[in-house]
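Note sheet for the following structure.
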Number of protein chains: 2
Amino acid sequence: MSQNIRIVLIEDDDILRMGYESLLNDVAGFVVVNAYASYDLSKKHLDADRPDVILLDIQMPGTNGLQALPFIKKALPQANIIILTVFDSPELVFEALTLGAGGYLTKNSSAAKIIDAIKEVSTGGGAMSTNVARIVMRSFQKNLNSPLTKRETEILDRIANGQTKSQIATDLFIDQETVRSHVKNIYIKLDVNSKSEAIKTAKEKRFI
Amino acid sequence: MSQNIRIVLIEDDDILRMGYESLLNDVAGFVVVNAYASYDLSKKHLDADRPDVILLDIQMPGTNGLQALPFIKKALPQANIIILTVFDSPELVFEALTLGAGGYLTKNSSAAKIIDAIKEVSTGGGAMSTNVARIVMRSFQKNLNSPLTKRETEILDRIANGQTKSQIATDLFIDQETVRSHVKNIYIKLDVNSKSEAIKTAKEKRFI
DNA sequence: TAAAATATCCCCCAAAACGGGGGATAGCTT
DNA sequence: AAGCTATCCCCCGTTTTGGGGGATATTTTA
């Protein structure tokens with residue numbers, strides 16, 4: 001048979017921590033190797049714990065979960081970290097994901113969802129609760145009513161990627177003056193008069 | 001009692017389409033109002049169908065699912081569209097999400113997951129299968145071993161957002177020459193010698 | 001079909017930004 | 001003690017920018 005999935009819990013609420021521990025220890029194939037009330041309390045032991053999956057709360061005394069994430073990643077690069085928190089603000093979600101969390105669950109998640117998520121992340125998958133998925137998906141969604149044409153969007157996108165007008169002209173096989181002409185129209189449509197304002201406005205309104 | 005969730009299927013495979021139809025019609029609170037073998041066949045009827053949720057295949061004769069997405073969004077702005085496909089390449093996933101899909105499921109999803117997903121999106125949530133979640137989460141993850149310092153990352157990020165060195169200097173309350181100095185170091189570390197190369201390299205390596 | 005929008009190209013100009021080179025200094029970490 | 005970091009200073013020539021004024025052909029839309 002395959003090895004047990006080794007789990008570490010880092011959660012400051014005593015009741016919740018014990019609840020998760022007993023819940024997960026009862027799952028076949030799972031073993032909770034340790035449970036800590038804070039990252040600061042856990043850090044000397046994590047190495048010996050050899051966890052496959054870490055359930056990490058954000059709100060904790062001392063180093064909080066998001067601050068701890070990079071340190072855990074560095075100490076245990078192969079471990080998968082699932083954020084388990086009451087917070088689901090876009091800022092926290094994006095920060096956790098950029099820091100390499102393998103999952104983001106809110107604490108209203110059912111026991112079955114948490115168990116599923118642990119199985120998922122330990123096989124390299126991703127896991128998020130539906131409210132988090134909604135936040136993430138919205139962040140991708142472009143404005144389908146952009147006033148910019150295809151060509152203008154293409155050019156503004158390249159400007160946002162640091163290309164100069166002459167580089168864009170070369171890449172698109174058109175004259176620099178053509179690019180300039182498009183840029184003028186972009187500025188008029190976005191009601192701006194500089195590169196940085198155009199990028200800022202376009203990103204805010206999700207035109208690019 | 002609340003209204004039924006009105007579902008439309010657009011799926012070219014006859015067996016699958018009928019399978020989904022009978023599966024979903026058996027769910028309490030769901031009603032499959034129509035099922036089409038292609039978007040082209042559906043478009044005249046969608047308005048009358050008044051669907052709350054549309055399950056949309058990508059691979060179809062005529063207009064494919066991703067091409068159809070903007071048209072459906074325009075015709076039925078309140079409808080939630082779930083992409084249901086065999087494909088899970090990052091390109092297709094991101095395109096679907098930028099076009100406003102409310103869910104992205106791969107066809108290996110279980111019946112229960114599909115039913116869950118429909119319930120989720122119709123209450124404004126997001127739904128994705130775990131392989132899709134993995135792709136999405138990876139796209140957020142930053143490189144934690146960036147050679148750039150905090151200050152350098154901050155400055156490069158602002159450059160990537162179209163700010164000039166003097167604007168950056170003003171915003172950060174430092175001298176333009178200090179910004180220039182940081183930029184020089186960024187260029188050396190990234191082995192580039194222009195703004196656009198720096199942005200390109202840094203984005204590729206996920207330093208910003 | 002007629003009008004509007006789009007994509008393409010041309011000119012002038014001054015101000016700003018860029019990138020390469022050469023430094024210095026203070027503070028913090030190793 | 002050495003190295004890195006963040007801060008600031010000067011030189012220089014080249015490129016880019018944005019504002020102004022156009023034109024023309026194709027495509028889309030009304």
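Letters A, B, ... mirror the listed sequences (proteins, then strands); counts begin at 1.
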Open item on the list: I want to check something: taking the side chain as every heavy atom from C-beta on, are B:Val183 and B:Arg180 in contact at a cut-off of under 4.5 Å?
Closed with: no
Task: Sequence-distant partners of A:Thr170, side chain to side chain contact (heavy atoms under 4.5 Å, CB included), two or more places apart - done: none
- [ ] Report the residues that fulfil side chain to side chain contact (heavy atoms under 4.5 Å, CB included) with A:Gln167, sequence neighbours left out, ordered by chain and then residue number.
- [x] A:Gln163, A:Thr164, B:Ser196
Open item on the list: Checking B:Phe71 now: which residues fulfil ring pair (Phe, Tyr, Trp, His ring centres under 6.0 Å) with it, not counting sequence neighbours?
Closed with: none
Open item on the list: Quick test of your reading: applying side-chain hydrogen bond (donor to acceptor under 3.5 Å, both in side chains), list the pairs with at least one residue in residues 199-208 of chain A, sequence neighbours left out, ordered by first then second residue.
Closed with: A:Lys203-B:Asn161
Task: Under 4.0 Å protein heavy-atom contact, by nucleotide of nucleotides 14-19 of chain C - B base, S sugar-phosphate only - done: ---SSB
Task: Contacting residues from residues 146-159 of chain A, given that a heavy atom lies under 4.0 angstrom of DNA chain D - done: none
- [ ] Under the side chain to side chain donor-acceptor pair (under 3.5 Å) rule, collect the residues that match up with B:Ser139, sequence neighbours excluded.
- [x] none
Open item on the list: Reading DNA chain D from 5' to 3', where do the contacts with chain A start and stop? Cut-off is 4.0 Å to heavy atoms.
Closed with: D:dT16 to D:dG21
Open item on the list: Does anything in residues 199-208 of chain A come within less than 4.0 Å of DNA chain C? Heavy atoms only, and list the residues if so.
Closed with: none
Task: Where at least one partner belongs to residues 46-56 of chain B, residue pairs that pass side-chain hydrogen bond (donor to acceptor under 3.5 Å, both in side chains), sequence neighbours excluded - done: B:Asn34-B:Asp49, B:Tyr36-B:Asp49
Show me, pair by pair, the donor-acceptor contacts under 3.5 angstrom made by side chains of residues 82-96 of chain B, not counting sequence neighbours?
{"residue": "B:Thr85", "atom": "OG1", "partner": "B:Phe87", "partner atom": "N", "Å": "3.1"}
{"residue": "B:Asp88", "atom": "OD2", "partner": "B:Asn131", "partner atom": "ND2", "Å": "3.0"}
{"residue": "B:Ser89", "atom": "OG", "partner": "B:Leu92", "partner atom": "N", "Å": "3.3"}

Task: Between the first and last five pairs of the helix from C:dT1-D:dA30 to C:dT30-D:dA1, the angle of the axes, rounded to 10 degrees - done: 80°
Open item on the list: Regarding B:Asp57 and B:Arg17, does a basic nitrogen lie under 4.0 Å from an acidic carboxylate oxygen?
Closed with: no
